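A note on names: the letters A, B, ... follow the listed sequences, proteins ahead of strands, and every chain is numbered from 1. For clarity, every value in this text was computed on a predicted model and none was experimentally measured.
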Amino acid sequence: MATVKRPAPASLADPFYYLANARTLVDWVRDHHGDLLLDGEKAQLGAWLGAGHEARALLVRMVMRQGEHFRLSRLRYREIGDPAPVADELLALGLVQSRTPIPVQELADLLTLIELNRCFAGAFAEAGLARAAKGIKRDWLRARPEYATPRPFDDWWPVSQDRLLSLACMPLFERLRLMFFGNLHQDGSEFVLTELGNQRYETVAFTPESRAFHHRAEVDHYLALHHLRRRLEQGEAPASLLEALPAPLDNDWLAARRAKLMYQLARAAEKAGDDDTALRAYRHSDDHEARVRQARLLERRGDHGGAFALAQAGLAQPRDEAELQGLQRLYRRLYKKMGAPAPTPVTEADILTRTLTLPPSKERVERLAAGALAGPVYYVENHLFNGLLALLCWEALYAPLPGAFFHPFHAGPADLYRPGFAERRSELLAACLARLEDGSYRAAIMARYRQKQGISCPLLAWPALSEPLLERALSCIPPAHLSAVFTRLLSDLRGHGSGLPDLIRFLPGGGYELIEVKGPGDRLQDNQRRWLAFFHQQGIAASVCQVRWLP
DNA sequence: CCACCTACAG
DNA sequence: TTCACACTTTCCT
DNA sequence: GAAAGTGTGTCTCTGTAGGTGGAG
Ligand SMILES: [Mn+2]
Ligand SMILES: [Mn+2]
């Protein structure tokens with residue numbers, strides 16, 4: 001294993017700390033992911049690296065900000081000084097452009113309201129919009145055919161003293177960020193927050209061979225999906241986006257992302273009344289929710305035969321419990337119409353329900369119920385069992401598997417919610433779970449709790465887990481119960497990670513019970529039913545507490 | 001004039 | 001990069 | 001009863017500057 005300097009945040013005492021962080025990121029990608037970069041991209045990076053200190057810094061400032069267009073007057077930084085000569089240098093290097101045509105709504109965002117009024121004084125007066133709000137004006141401008149053609153900033157507003165700079169290297173820096181972090185929701189502020197101590201991550205060893213991407217096509221695919229999703233969020237029609245979907249790659253992670261996007265396109269199409277697009281997208285999506293949604297849409301359109309056939313196929317091989325539940329409901333609605341046999345009556349074990357009558361209050365109903373019940377009661381929802389699992393299996397969770405960790409800012413392994421997470425760590429997890437057998441789990445969990453307090457972990461909400469709660473949970477919940485719950489959680493961390501009861505109540509004699517609180521008008525959700533059924537089957541005390549208001 | 005919102009910086 | 005959950009409305013039998 | 005839609009609190013933090021828009 002080659003020893004390589006781990007990328008680390010720069011000191012904030014350095015006024016160019018952000019430049020140093022950008023260098024760290026770029027160097028890491030160039031050194032260890034260079035095979036995924038084109039010659040043109042390397043040349044562009046070379047141009048940036050060859051620029052002067054201030055020019056490199058200004059470009060980083062621009063890349064970190066929102067949008068691609070910046071007024072020179074808004075690029076004043078103490079440590080950089082006069083931006084004009086620096087901008088000229090970046091222009092000469094081709095890293096930024098001037099006189100880029102921009103649409104009129106972009107112009108409206110770049111100008112203040114006062115400037116916008118000056119720029120379009122006549123037009124606004126004529127339209128009776130002189131005093132309208134900025135948003136109204138922007139929308140009006142966008143809708144006017146005479147402003148439909150993008151123009152350079154100076155052409156829109158010739159009297160301006162200002163210059164507009166437009167980034168010409170945004171795709172490159174976005175690509176670098178993606179290759180470094182393995183996602184596009186993390187950015188340079190990770191370095192800063194970590195340095196400030198505001199954000200703490202577990203330290204996991206990783207080698208340069210541990211990467212998010214191994215082929216350029218994978219990076220391209222991720223970016224394509226990302227931009228399609230962005231366009232969907234902007235309100236573009238799902239049908240055209242579906243056409244633009246890239247062909248699938250031989251990569252389970254990206255295939256799942258593609259299927260999820262296709263599912264979201266289908267949902268959007270369904271909402272918009274474009275049933276054809278919706279059905280096509282559902283049919284081709286491998287997302288675990290797609291089949292039930294497709295069957296429901298067919299049913300709603302009156303295609304009972306199609307819906308029923310889909311339900312039957314799914315019931316023969318359900319993907320998960322949620323799908324089974326959804327398809328069973330569908331079957332119960334349709335079997336008579338289809339002349340099919342009645343479903344085996346699902347003895348959804350009678351759910352133990354008690355009623356609590358309380359004076360009306362604005363407080364959350366879970367808290368009220370907790371206060372009204374005897375004994376120590378905690379409002380934990382999903383946090384308790386997920387948190388206990390994380391604490392017990394910490395070593396397995398943060399084991400340095402190749403591809404699981406590849407930068408210093410991971411809250412959890414990259415594959416935490418992907419299929420096969422537990423299988424890839426079966427021995428490590430077995431070793432952790434074995435502590436439930438030999439009794440050492442209590443001390444191990446408490447030690448982890450104290451040692452790792454505050455470290456970001458997707459399964460752990462630190463403020464929800466107090467030390468007394470953990471102590472009580474560990475003394476009152478038998479290890480066999482923990483083992484059963486953890487095994488279920490590990491079988492599908494995403495699918496089973498939610499739906500756990502609101503409250504845990506510890507009994508004086510040493511036992512405990514789980515309580516799902518329901519206010520007036522609230523009902524059990526599917527995932528809550530599934531957990532209650534599981535608890536029932538395991539002999540774990542779990543019930544529903546129906547709250548009614550005192551008249 | 002002031003409350004509110006947003007982008008930005010660290 | 002949302003998600004999980006509660007709460008509300010609508011439709012149907 | 002089922003499904004769909006909406007709202008809320010959490011999300012990684014905190015402080016600040018500038019812009020906006022309504023009230024007076
Ligand atoms: Mn709840
Ligand atoms: Mn509840």
Next item on the list: Run the salt-bridge test on A:E321 and A:R488 with the 4.0 Å N-O cut-off and return the result as yes or no.
Entry: yes

Next item on the list: Measure from NZ or CZ of A:K137 to the centre of the six-membered ring of A:F124, then state whether that distance is under 6.0 Å and the direction lies within 45° of the axis.
Entry: yes

Next item on the list: Have a look at A:Y17 and say if it touches a base, only the backbone sugar-phosphate, or nothing, with a 4.0 Å heavy-atom cut-off.
Entry: base

Check: With the threshold set at 4.0 Å, does a side-chain nitrogen-carboxylate oxygen contact exist between A:R229 and A:E236?
Finding: no

Notebook entry, point to check: Contact class for A:R131 vs. all strands (heavy atom < 4.0 Å): base, sugar-phosphate, or nothing?
Noted result: nothing

Margin query: I want to confirm an ordering. Mapping A:N382 and A:P520 to their closest nucleotides on DNA chain C, which one lands closer to the 5' end?
Written below: A:N382

Notebook entry, point to check: For A:E516, which contact category applies under a 4.0 Å heavy-atom criterion: base, sugar-phosphate, or nothing?
Noted result: sugar-phosphate

Notebook entry, point to check: Below 6.0 angstrom between ring centroids: does that apply to A:W531 and A:F534?
Noted result: yes

Note to self: I'd like the 5' and 3' limits of the part of DNA chain B contacted by chain A, with heavy-atom contacts below 4.0 Å.
What the structure shows: B:dA7 to B:dG10

Notebook entry, point to check: Are A:R494 and A:Y417 in a cation-pi contact, defined as NZ or CZ under 6.0 Å from the six-membered ring centre and within 45° of the axis?
Noted result: yes

Note to self: I'd like to know if A:R329 and A:D526 make a salt bridge, using a cut-off of under 4.0 Å between side-chain N and carboxylate O.
What the structure shows: yes

Note to self: Within the 4.0 Å heavy-atom criterion, would you say A:R229 contacts the bases, only the backbone, or no part of the nucleic acid?
What the structure shows: sugar-phosphate

Margin query: Between A:K337 and A:G499, which residue's closest nucleotide on DNA chain C lies nearer the 5′ terminus?
Written below: A:G499

Notebook entry, point to check: Taking 4.0 angstrom as the limit, do A:D109 and A:R138 come out as a salt bridge?
Noted result: yes

Could you write out each protein N or O paired with an N or O of nucleotides 22-24 of chain D at a distance under 3.5 Å?
none

Notebook entry, point to check: Just checking A:R293: base, sugar-phosphate only, or nothing, at a heavy-atom cut-off of under 4.0 Å?
Noted result: sugar-phosphate

Margin query: Measuring centre to centre across the rings, with the benzene-like ring taken for any Trp, is A:F120 within less than 6.0 Å of A:W140?
Written below: no

Write down the protein N/O and nucleotide N/O pairs, taken from nucleotides 14-19 of chain D, whose separation is under 3.5 Å; answer none if there are no such pairs.
none

Notebook entry, point to check: If you look at every strand shown and take non-hydrogen atoms under 4.0 Å, does A:Q66 touch a base, only sugar-phosphate, or nothing?
Noted result: sugar-phosphate

Next item on the list: Find out whether the Lys NZ or Arg CZ of A:R291 is both under 6.0 angstrom from the six-membered ring centre of A:Y282 and within 45° of the ring's axis.
Entry: no

